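What you see is a predicted model; the values in this text were computed from it and never measured. Lettering follows sequence order; numbering is per chain, from 1.
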Amino acid sequence: MSVARTRLLAPWRYRANRRLGEAACVLLGLVLIVWSLAPIYNMAVIALSTHEGVFAGAVWPETPTLNSFYVVFTEGFWYLENFWHQFGNSFFVGLMTMFLTLLIGSLASFTVGRMRLRHGALLSNAALMTYVIPASFLAIPFYRIMQIYGLTNHLWAVIAAITTFATPYAIFILSQYGKSIPMELDESARIDGANPLQIYLFIYLPLMAPALVAVGTYALLLAWNEYLYNFLMLSTPQSMTVAVALAQFLNSDESPWNYMMATAIVYALPPIMIYYMFRRNMAAGLTMGGVKG
Amino acid sequence: MSLTQQALPVGSRLPSIAIGRRVRRSGLYGSEHRWAVAFALPYVFIFFAFVLYPIAYGLWMGSDPALYRQLFDDPRYMTAVINTLVYVGVGVNVKMAFAFMLSGFFMRKGWWVKAVLVIFILPWATPALPAYMSIHWFLNGQWGMLNNVLWLLTGIDGPVYLNSHWMGLFANIGAYIWKNLPFWTLILLAGRMSVPQELYEAAAVDGASGLRRLTHVTIPLMANLYVVCVLLDTVFALGDFNATTFVSGGGPAMSTEVLATLGIRYAYTVSLPRLGVAEVMTALPVLIPLIFVLMRKLRMSEGQL
């Protein structure tokens with residue numbers, strides 16, 4: 001690899017150095033695996049423990065049982081009474097947020113990037129500003145606003161909130177990606193008599209598909225994983241999403257941690273699966289320009 | 001970057017281009033213009049109804065000077081300010097330094113490095129809430145897995161991590177790093193991959209060692225991306241609510257609260273929403289310049305972040 005080094009070092013030392021480097025890398029890899037998996041393994045162990053086993057603190061439960069998952073699936077604990085309903089709520093919020101983010105984001109990026117709306121820069125600056133304001137800092141006035149709009153305890157309050165915070169990223173990414181599509185396509189369609197709506201529907205959207213997948217996945221996961229706004233806006237068992245229901249376990253001191261962790265795993269599985277399914281698109285979205293934690 | 005900045009004034013001085021532009025813009029008349037406005041309206045609505053209105057409402061809620069006197073008299077507030085500084089300072093910089101180094105590690109070839117990467121991004125794919133709850137239990141002094149493993153391996157009885165201010169705070173920071181490290185590593189990895197391979201080859205031909213290639217090729221080319229990432233993550237860390245809420249719970253005795261959580265606590269536990277807003281507002285002198293710099297940077301680095 002490096003010409004200079006092979007000449008400077010004797011062959012055996014070069015080989016020894018390389019082997020040492022290789023060993024250090026394997027070690028680093030192992031450390032990374034343990035670091036990444038420890039809390040997740042911990043989650044699984046607690047979920048598989050019996051109620052008493054949780055407090056034994058074993059590295060592997062003595063009598064591993066799937067009972068906690070059975071309790072979650074059959075809503076067999078009073079914190080979990082509406083689990084499937086809440087699961088549905090989470091899905092509804094996620095899908096609606098995804099749809100609205102894609103719709104509003106693609107329309108805005110189309111009009112700014114492709115139609116060159118006058119003062120369009122103002123719009124992208126507004127989006128950029130929203131993107132860099134921490135959502136948690138806006139939470140209290142946002143809650144008040146939702147009270148004024150009469151939306152508290154409605155899923156739409158959360159959908160509105162998360163759409164608000166997801167759309168700027170969508171506009172950012174979609175505008176970046178849109179630059180790679182030649183303007184001549186729009187122009188020739190216009191000459192053929194297409195109106196802007198037709199250009200948007202039949203030229204812009206199909207060509208933007210990869211970016212739309214990235215942005216849609218992002219919005220879906222953001223909505224599914226969001227806690228603070230869910231917690232503030234939704235307080236009745238019927239309106240709650242899984243995130244709020246999960247955090248409820250912490251309200252009481254003697255919560256069954258095995259049930260809680262089983263719920264946590266069931267809640268974590270859909271986003272993990274979606275994430276690994278769309279990993280390539282997500283990575284493409286990231287390199288396309290935007291970043292959001 | 002400097003190239004486009006230089007090219008722009010030249011371009012606009014050329015009459016033909018200027019005219020060409022005007023012709024294109026004037027295409028937006030009549031129905032075209034109406035369409036363009038209609039397409040922009042949904043976002044404009046969102047921005048006014050859910051961004052500007054809450055901001056204005058927040059400014060109004062926190063406009064009473066008495067609130068700030070009350071705030072500065074509260075010792076918990078000063079603790080939260082110091083915690084936030086430590087949280088953001090350590091959390092962001094340590095994470096970014098590691099992300100930069102690990103992105104170099106993941107550039108290596110070989111199937112097992114790819115396999116490690118797949119496992120390594122699991123924390124990012126996992127929702128924050130379950131992960132932080134698990135870390136909370138993991139660190140439990142009596143029944144937590146960490147102390148158990150410590151006991152099994154070394155016979156040392158580990159401390160009760162979440163019962164002390166500093167250990168609690170660093171547990172939160174560690175959890176935040178654990179959750180977000182993969183994301184930033186991926187970003188920096190993408191940045192490293194976009195560095196043209198020819199530059200490294202040319203440097204190697206010139207006899208540059210590994211260290212020199214790092215300092216003279218990788219670092220200069222990635223500096224801008226790195227700075228943007230640090231600034232962005234500073235904003236994210238400043239607003240991070242979940243790690244503190246679910247790992248230490250703000251305890252013991254509210255000593256590990258940060259600005260993002262203390263404001264919510266004022267508003268919803270003590271029912272002083274105005275005080276909560278005022279508390280958040282005290283972050284504005286730091287936040288506003290940060291937002292300005294970030295907007296500039298993001299706008300400039302369009303397409304090449």
- [ ] Measure distances from B:L181 to the heavy atoms of chain A and classify the residue's part below 4.5 Å as side chain, backbone, both or neither.
- [x] side chain

Task: Sequence-distant partners of B:W112, ring-ring contact (aromatic ring centres under 6.0 Å, His included), two or more places apart - done: none

Open item on the list: Between A:S136 and B:G239 (side chain of the first, backbone of the second, donor and acceptor by atom type, cut-off under 3.5 Å), is there such a pair?
Closed with: yes

TODO: Under 4.5 Å heavy-atom distance to chain A, tell me which part of B:F47 shows up: side chain, backbone, both or neither.
DONE: side chain

- [ ] Check whether B:L122 gets within reach of chain A through its side chain, its backbone, both or neither, counting any heavy atom under 4.5 Å.
- [x] both

TODO: Indicate, with yes or no, if the rings of A:F231 and B:Y268 have centres closer together than 6.0 Å.
DONE: no

- [ ] Please examine the side chains of B:F105 and A:L32, heavy atoms only from C-beta on, and report whether any two atoms are closer than 4.5 Å.
- [x] yes

Open item on the list: With a 4.5 angstrom heavy-atom cut-off, is it the side chain or the backbone of B:L287 that approaches chain A, or both, or neither?
Closed with: side chain

TODO: Please state whether the side chain, the backbone, both or neither of B:F138 comes within less than 4.5 Å of a heavy atom of chain A.
DONE: both

Task: Engaged part of A:I171 at the chain B interface, taking heavy atoms whose separation is under 4.5 Å - done: side chain

Task: Under 4.5 Å from any heavy atom of chain A - which part of B:V44 - done: side chain

Task: Close side-chain approach of B:F39 and A:L197, heavy atoms under 4.5 Å - done: yes

Open item on the list: For B:M61, which atoms come within 4.5 Å of any heavy atom of chain A: side chain, backbone, both, or neither?
Closed with: side chain

TODO: Return yes if some donor-acceptor pair links the side-chain N/O of B:Y43 with the main-chain N/O of A:L107 below 3.5 Å, else return no.
DONE: no

Task: Residue part contacting chain A, namely of B:L146, when any heavy atom lies under 4.5 Å - done: neither

Open item on the list: Is B:S209 in contact with chain A via its backbone, its side chain, both, or neither, using a 4.5 Å heavy-atom distance?
Closed with: neither

Task: B:F106 versus chain A, the contacting section by heavy-atom distance below 4.5 Å - done: side chain

Task: Region of A:M129 that comes under 4.5 Å of a non-hydrogen atom in chain B - done: both

- [ ] Counting only heavy atoms closer than 4.5 Å, note whether B:F45 contacts chain A via side chain, backbone, both or neither.
- [x] neither

Task: 4.5 Å side-chain heavy-atom contact, A:Y275 and B:I121 - done: yes

Open item on the list: Given heavy-atom pairs under 4.5 angstrom as the criterion, report whether the side chain, backbone, both or neither of B:A283 touches chain A.
Closed with: side chain

Task: N/O donor-acceptor pair under 3.5 Å between B:S134 side chain and A:N42 backbone - done: no

Open item on the list: Check the orientation of B:F241 and A:Y227. Use parallel for under 30°, tilted for 30 to 60°, and perpendicular for over 60°.
Closed with: parallel

